[in-house]
Amino acid sequence: MAYVISSECISCGACESTCPVEAISQGDDQFVIDAAKCTDCGACADSCPVDAIAAG
């Protein structure tokens, strides 16, 4: 199951640069994770300063 970014996201971009498969991009209001690309590695969750990313 892919990771998801909650509404707690502050759009800092830390997660985007840590994703090894480039599954994260800037959405309209916050960053979003493409579930089809996500490999569930957790690198994004580890990099988030506000703990806005969790396994979906």
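- Under the side chain to side chain donor-acceptor pair (under 3.5 Å) criterion, Ser11 pairs with no residue at all, not counting sequence neighbours.
- The side-chain contact (heavy atoms from CB on, under 4.5 Å) test applied to Val50 returns Ile10, Cys48, Ala52, not counting sequence neighbours.
- Considering only residues two or more places apart in sequence or on other chains, Ser47 meets the side chain to side chain donor-acceptor pair (under 3.5 Å) condition with Thr18.
- The hydrophobic cluster analysis finds Met1 isolated: no Ile, Leu, Val, Met, Phe, Trp or Tyr side chain comes under 4.5 Å of it, directly or through other members.
- Taking Ile, Leu, Val, Met, Phe, Trp and Tyr as hydrophobic and joining them when side-chain heavy atoms fall under 4.5 Å apart, one finds Phe31 in a cluster with Tyr3, Ile5, Ile24, Ile33, Ile53.
- For Val21, the side-chain contact (heavy atoms from CB on, under 4.5 Å) partners are Cys19, Ala23, Thr39, not counting sequence neighbours.
- We find the CD-SG distance between Gln30 and Cys15 to be 9.5 Å, quoted to the nearest 0.5 Å.
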